[in-house]
Amino acid sequence: MDTTRYQSLFTKKGFWQKLGPRARSIGRETLEKALYLYYAVQSPLTPKWAKRVIYGALGYFILPLDAIPDLAPVLGYTDDLSVMAAALATVAFYITPDVKAQAQQKLDQWFKAPDRPAYTDA
């Protein structure tokens with residue numbers, strides 16, 4: 001899929017607005033890929049050509065109207081996931097350990113299990 005027409009649709013605000021309230025419903029795998037791309041595009045080590053690929057994929061992701069509506073149960077994010085997976089394959093060299101760590105930190109915030117009291121035998 002040619003994502004060049006979606007490059008102009010990407011904004012940081014739009015990205016976080018899409019993710020914030022829906023983080024858990026989007027699913028960890030899709031979020032992980034989106035965050036890898038997001039943090040890679042922020043890196044000064046990522047070249048311009050790779051950033052254009054990433055902006056296209058993330059622009060498609062945040063677009064409310066896409067091939068499969070995001071509100072569709074089960075299938076809603078499959079098209080987004082496939083576009084992001086293709087972008088990741090293209091720019092894989094720029095998904096550094098630092099990018100992965102930033103993504104994991106954000107995922108841990110969203111999917112952290114509620115604190116449970118420690119078991120005591122009293």
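The figures that follow rest on heavy atoms only: side chains count, while hydrogens, waters and symmetry mates do not. The shown structure was predicted, so the numbers you read here are calculated from the model rather than taken from an experiment.
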Mind checking what makes side-chain hydrogen bond (donor to acceptor under 3.5 Å, both in side chains) contact with Tyr38, not counting sequence neighbours? Trp16
Nearest non-hydrogen partners of Leu58 and Ala34, listed with the distance: CD2-O, 3.9 Å
side-chain contact (heavy atoms from CB on, under 4.5 Å) evaluation trace for Thr96 with Lys100: CA-CA 6 Å; Thr96 64; Lys100 290 180 179 182; over 6 Å; no
Once you round to the nearest 0.5 Å, how far does CZ of Phe61 lie from CG of Asp80? 6.0 Å
Which distance, rounded to the nearest 0.5 Å, do you find between the CD1 of Ile54 and the CD1 of Ile95? 5.5 Å
Leu107 and Glu32: CA distance, side-chain angles, deciding distance, side-chain contact (heavy atoms from CB on, under 4.5 Å) verdict: CA-CA 7 Å; Leu107 287 169; Glu32 181 180 61; 3.8 Å; yes
Separation between CE (Met84) and OH (Tyr36), nearest 0.5 Å, reads 12.5 Å
Residue pairs passing the side chain to side chain donor-acceptor pair (under 3.5 Å) test where at least one lies in residues 41-50, sequence neighbours excluded: Lys12-Gln42
Supply the atom-to-atom distance Arg28 CZ to Asp108 CG, rounded to the nearest 0.5 angstrom. 5.5 Å
Just do the side-chain contact (heavy atoms from CB on, under 4.5 Å) check on Lys106 and Tyr39 with the steps written out, would you? CA-CA 11 Å; Lys106 183 55 82 174; Tyr39 290 118; 4.0 Å; yes
Would Phe93 and Leu45 show up in the same hydrophobic cluster when neighbours are defined by side-chain heavy atoms closer than 4.5 Å? no
Intermediate values then yes/no, side-chain contact (heavy atoms from CB on, under 4.5 Å), Tyr55 and Val41: CA-CA 8 Å; Tyr55 284 134; Val41 86; 3.5 Å; yes
According to side chain to side chain contact (heavy atoms under 4.5 Å, CB included), who are the partners of Glu29, at least two apart in sequence or on a separate chain? Lys33, Leu81
